[in-house]
Amino acid sequence: MSVSFRVSEAEAGQKLLQCLVRRVEAAQGELHRWIRTGQVRVNGGRRGPFDRLEAGDELRLPPFARLLQPSQPARDGAKPDLPVVWESPDLLVVNKPAGLPTHPGTGHDDSVVTRLHAAMPPGTAFAPTPAHRLDRDTSGVLLVARSYAVLRRLNDAFARHDTLSKEYLAWCAGRWELPSPLRLEDRLEKRADTPAGPEKMHASDTGRHAAMDVAVLRATRQATLLKIRLLTGRTHQIRVQLALRGHPILGDAKYGKARAFPQGCAIPGLLLHAFRLTLAPGSPDAQTFLALPSWPEPWRVTPGDIAG
């Protein structure tokens, strides 16, 4: 007897192969072969791997296929083990802690994604999925889509950069003597310093354009609190562009230098936080989401710091 399921409203709009990867316990190459050989049927007929599905479509699979189940299903109504900033039936906004990766990977099982999946009620067809990512050591606002249609819409917005605004807070080493506000522009590329060394981002004439706006919120003799608005989305962009100007982010062991950090002050990790994300008026999800970092004194940020 064949295995079958119907496409839910949350799954609608996905490509056939994409839907199967999320729902079936099999390698992507094997799923592709099933489609190519006609072992997968959509509403009784053959479809291509990249054809999009509609809500209510019936997918019939080979009798040996096994549907995926949530690995750690929680009780109905359970919340993810994450600070929730805002939620609706379509969207969940969390304040990602520093040190927690967005996605699981080699060497770390805990992540935003695994915590989201652990809170899914049994039988959930579409697992809540982050629409973008924050580096492991960066904290802050992270948007999570609860349906594929919303995920695709948000992915498009992040790719265009014209219907959203991402703003960060960062404590950098030293007193900022450059103009404020200021637009920083560089060309960045990833390469290793030595043949056997780890890859890092570097300034390069042949790199990809990177731009961001920087403004000083508070300054001391040893450190400066900056508000940063990203205009492009390059790997480690904020960390690299500030380090290039001699102002590495406090706690940044990769691009900073320990001697540049304030003496006698404990630094609780990388002091970089995505504090505000705005979806522009006119977009279906138009709204501003805000969360301040939980840094201790003397690095604490107050609403007064970001006013205006």
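Numbering of residues begins at 1 and proceeds along the displayed sequence. It should be emphasised that the depicted structure is a prediction, and the values quoted were computed from it without experimental measurement.
- Contact detail for Ala12 and Val7: the closest heavy-atom pair is N-CG1, 3.9 Å.
- Tested against Gln237, the residues Gln241, Arg234, Arg239 include a single side chain to side chain donor-acceptor pair (under 3.5 Å) partner, Gln241.
- Under a hydrophobic-cluster definition in which Ile, Leu, Val, Met, Phe, Trp and Tyr are linked whenever side-chain heavy atoms come within less than 4.5 Å, directly or via other members, Leu231 and Val141 are assigned to different clusters.
- Minimum heavy-atom separation, Leu92 to Arg146: CD1-NH2, 3.8 Å.
- Counting only heavy atoms from C-beta outward, the side chains of Leu226 and Ile249 never approach each other to under 4.5 Å.
- A heavy-atom distance below 4.5 Å is found between the side chains of Phe158 and Leu143.
- The shortest side-chain heavy-atom distance between Arg47 and Ile35 does not fall under the 4.5 Å cut-off.
- For the pair Arg136 and Pro101, the minimum side-chain heavy-atom distance is below 4.5 Å.
- Aromatic ring orientation, Phe289 versus Trp86: tilted (interplanar angle from 30° to 60°).
- Put simply, the side chain of Pro130 reaches to within 4.5 Å of the side chain of Leu116, judged on heavy atoms.
- For the residue pair Ser4 and Leu67, the shortest heavy atom distance occurs at O-CD1, 4.4 Å.
- Residues Leu53 and Leu16 are in side-chain contact: their nearest non-hydrogen atoms beyond the backbone lie under 4.5 Å apart.
- Looking only at atom types and distance, the side chain of Gln222 has no donor-acceptor partner in the side chain of Thr220 under 3.5 Å away.
- Leu82 is not listed as a side-chain neighbour of Leu142, based on a closest heavy-atom distance of 4.5 Å or more.
- Taking a 6.0 Å sphere around CD of Glu54, one finds it holds 12 or fewer heavy atoms contributed by other residues, nucleotides or ligands.
- Side-chain heavy atoms closer than 4.5 Å link hydrophobic residues (I, L, V, M, F, W, Y) into clusters, and following such links, even through other members, never connects Leu91 to Val113.
- In this structure, a donor-acceptor pair under 3.5 Å is present between the side chains of Ser139 and His273.
- Considering Arg300, Arg218, Lys227 as possible partners of Asp305, the one that fulfils the side chain to side chain donor-acceptor pair (under 3.5 Å) test is Arg218.
- When the shell of 6.0 Å around CZ of Arg183 is examined, it contains 12 or fewer heavy atoms from other residues, nucleotides or ligands.
- The salt bridge (Lys or Arg N to Asp or Glu O under 4.0 Å) contacts involving residues 163-177 comprise Glu167-Arg276, where partners must be two or more places apart or lie in separate chains.
- Around the CD atom of Glu199, the shell of radius 6.0 Å holds more than 12 heavy atoms that belong to other residues, nucleotides or ligands.
- Atom CZ of Arg245 sits in a crowded spot, with more than 12 heavy atoms from other residues, nucleotides or ligands closer than 6.0 Å.
- Residues Ala211 and Glu185 come closest through the heavy atom pair CB-CG, 3.9 Å.
- Using a 4.5 Å heavy-atom cutoff, the side chains of Val40 and Leu31 are not in contact.
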